[in-house]
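A short worksheet on the structure shown next.
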Amino acid sequence: MPPTTEIVEHKIETSADGSLRAYLRSIGAIVWKDLAAEFRSRELIGAMLVFAALVILIFNFALELDIRTRETVTSGVLWVTFAFAGTLGLNRSMAIEKDRGCLDGLLLAPVDRSAIYFGKAIGNLFFMLIVEAIILPMYSVLYNVNLFQPGLILVILLGSIGYTAVGTLLASMAVQARTRDMLLPILLFPVLIPLLLAAVKASNGFLQGFEMAEIMPWINVMIAYDVIFIAVAFMVFDFVVEE
Amino acid sequence: MERIPKALIVLTWLTSAVFVVALYLVLFWAPQEAIMGDVQRVFYFHVAAGWVGGLAFLVTAIVGGIYLARGEQRWDRIAVASVEIGVVFTFINIVTGSIWARPIWNTWWTWDPRLVTATIMLLIYIAYIMLRQGIEDPDRRARFGAVYGIVGFISVPLTFLSIRIFRTIHPIVVGGSDPTALGAFNMTADMRVAFFFSLFTFTLIYVTLLWHRLRLQHLAEKIEERKLTALSA
C-alpha cells in the first residue's frame, strides 16, 4: 500500500527535523486561523454570549434567585450556563469545518493529525474562556456577588480545559453523523458529568469559603479528568477524522 | 439457510439449565436474611446483572481498541453486540435495585452516588447506540463506535468505585462493609454459594446472548448482500 509508506516516511522526516517547534507552529496556525475567522465574522462568540445570557435569565425566573438561594446555587447556574453555551460553540466550530470542506483541506496539510485536534481544541478553549470572561462580570453585577476569586478562576480554567478536550473530540464525531445537532449534547453530557460535578463542588467551595482541604479532592478529580481525556483524545483523534 | 451451530444449541440449553439451578439456589436454598427477609434475595441477581453490564462494556472498550489497531469488522460486531447486552443488564440491575430499595430504603429512587453513576453509565451506552444509528458508512460507524466505547468506559470503573470512594447509603457486600450504609449484611457460606453461582450463571447468559447476537448480525449482513446482488442482477 503506497499511501501508508508515504505517511510513515513523512513522520520519520518530521521527527528527524527535531520538530517539536514545527508541531507547535502548526497548532498555532490552526488556532490563529480560527481566531482570525471568528474575529471577522463574530458569529460564534456572539451567539454563545446571547445564549448564555438567556440561560441565566431563565434560571433567574425558574429558581427565583433571591439572596439566600443565590449563595447555594450560583456555582450550579454558572456551570450549566457554560456547558450549554459551550455545546453551541463546539457544534458550530466543527460544523464550519465540515460544511465548507475545510476539514478535508486541513487533513491534506502535511501535519500530524493530532496537531489539528490540539489546534481546534485550543481555539474552542479560547472562545469558551472569552465567553466566561464576559459572563462572570455580568453575573457579578446582576446579582451583586464577587466572582473574581483566584480559586474560582482556576476551577473555571480547569473545567474549560476538560470540557473542550472531550468536546472537540466528540464534536468532530457528531458533525459527521446524520443527526449531528441532536447528537453532540447526548454524547457529551454523560461523559462530562464527573467533570461538571467536580467543577460545581469546587466552585461552590470557593464561593462559600470552605477550607482548602475540602476543595482539593475535587480539584484533583478535575486535573485527573483533564489529563486522562487529553491523552485519550490525542490517541484516538486520528481515527475520528480518517476518511 | 445456515443452521445454528451445534455448540450454540448445546450452550443455550446448558445456560437454561444452569439458570434454573441458580433460581433454585437463590429462591429456596440460600437462607433467609435475618433483618431484611425475602427481599434480600434480589441481591443475587442484582449484583450479577450489574457485573454483566460492567463486563459487557469492558469487552466493548477492549475490542474497540483492537478494532482501531487492526480494522477488522468482526471486532466491531462484538463491540456493538456487547453494548446492547450491557444496556439491557444495566437496566435490569437498576430496576432490581429499585425493587429492593423500596422496602429497605423506603423509596424507589434516591440521588445516591452509586445510583447516579450507574444511570450515567446507562445513558452513555444508550448514546453509543444512537451515535451508531446516525452514521451510515459502516467503516466510520465502527471507528466512531470504538472511540466512544473507549471514551465512555470511564463511567464503568467510576460506577464500580463510587460506593468505595463517596459517602453513600448503598451497601458494599463484597469486600468490606460500611456502617453508614443502609441494608448492609454479611453473607453466610450458603449465601456465598448462591451469590457466586448467580455471577457464573449471568456470565454464561452473557456469552450465550453474545453468540446469538453475533450470529444474527452475520445473517443480517448476508441478507443485505443477497439483496444487493439480487437488485444489481
Side-chain angles (χ1 to χ4, degrees), chain A residues 1 4 94 98 103 113 117 162 165-198 200-201 214 217-218 220-222 224-243, chain B residues 57 61 64-71 75-76 79 83 87 90 111-113 115-162 165-167:
Chain A
M1 285 196 294
T4 330
M94 293 316 288
K98 190 68 192 164
L103 192 62
R113 294 272 161 88
Y117 166 75
V166 187
T168 307
L169 177 72
L170 295 184
S172 41
M173 299 206 304
V175 288
Q176 298 182 59
R178 192 161 32 90
T179 46
R180 63 186 193 186
D181 293 331
M182 274 170 11
L183 204 52
L184 180 62
I186 292 174
L187 291 180
L188 183 59
F189 287 149
V191 179
L192 273 180
I193 285 173
L195 179 78
L196 287 182
L197 174 78
V200 169
K201 294 276 186 193
E214 271 181 77
W218 297 111
N220 289 338
V221 169
M222 294 174 80
Y225 186 97
D226 289 2
V227 171
I228 292 173
F229 276 104
I230 289 173
V232 170
F234 172 71
M235 287 187 286
V236 299
F237 187 72
D238 265 17
F239 302 106
V240 170
V241 290
E242 193 175 274
E243 281 304 318
Chain B
F57 299 145
I66 299 177
Y67 174 80
L68 290 183
R70 301 227 185 119
W75 300 108
D76 182 55
V83 164
V87 164
T90 306
W111 292 103
D112 181 78
L115 279 62
V116 173
T117 47
T119 311
I120 295 168
M121 187 169 85
L122 184 65
L123 285 174
I124 285 184
Y125 286 96
I126 291 174
Y128 174 98
I129 294 172
M130 292 178 81
L131 170 69
R132 293 187 69 103
Q133 281 169 350
I135 306 166
E136 265 126 46
D137 174 28
D139 265 351
R140 180 177 290 164
R141 188 166 55 214
R143 263 188 285 121
F144 286 14
V147 168
Y148 199 67
I150 293 169
V151 170
F153 182 70
I154 189 167
S155 62
V156 177
L158 200 70
T159 304
F160 177 75
L161 293 172
S162 59
I165 303 172
F166 300 109
R167 243 177 304 164

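Values in this document were obtained by computation on a predicted structure and should not be read as measured data. Quick note on labels: first sequence line is chain A, next is B, and so on, each numbered from 1.
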Check each atom of Leu68(B) against the heavy atoms of chain A and say whether the ones under 4.5 Å are side chain, backbone, both or neither. both
Validation row: Pro194(A), Leu158(B) side chains within 4.5 angstrom (heavy atoms): yes
Examine distances only and state if a side-chain atom of Arg178(A) and a backbone atom of Ile135(B) form a donor-acceptor pair shorter than 3.5 Å. no
Under 4.5 Å to a heavy atom of chain B? For Val232(A) that would be side chain
Check whether any side-chain heavy atom of Val151(B) sits under 4.5 Å from a side-chain heavy atom of Phe229(A), and report yes or no. yes
Given heavy-atom pairs under 4.5 angstrom as the criterion, report whether the side chain, backbone, both or neither of Glu136(B) touches chain A. side chain
Below 4.5 Å, heavy atoms only, C-beta onward: do Leu169(A) and Val147(B) meet side chain to side chain? yes
Side-chain heavy-atom pair Tyr128(B), Leu187(A) within 4.5 angstrom cut-off: no
At a 4.5 Å cut-off on heavy atoms, which part of Leu131(B) comes close to chain A: side chain, backbone, both, or neither? both
To the nearest 0.5 Å, atom CD1 of Ile124(B) lies from atom CD1 of Ile193(A) at 7.5 Å
So CD of Gln176(A) and CZ of Arg141(B): to nearest 0.5 Å the spacing works out to 14.0 Å
Heavy-atom side-chain proximity of Leu123(B) to Phe189(A) below 4.5 angstrom: no
Kindly state each residue pair satisfying salt bridge (charged side-chain N to carboxylate O under 4.0 Å, His left out) with at least one member in residues 185-196 of chain A, sequence neighbours excluded. none
Non-hydrogen atoms of Phe239(A) and Phe144(B) that approach each other most closely: O-CE1, 4.3 Å
Distance check, rounded to the nearest 0.5 Å: Arg143(B) atom CZ versus Asp238(A) atom CG? 10.5 Å
Is any side-chain heavy atom of Met130(B) less than 4.5 Å from a side-chain heavy atom of Ile186(A)? yes
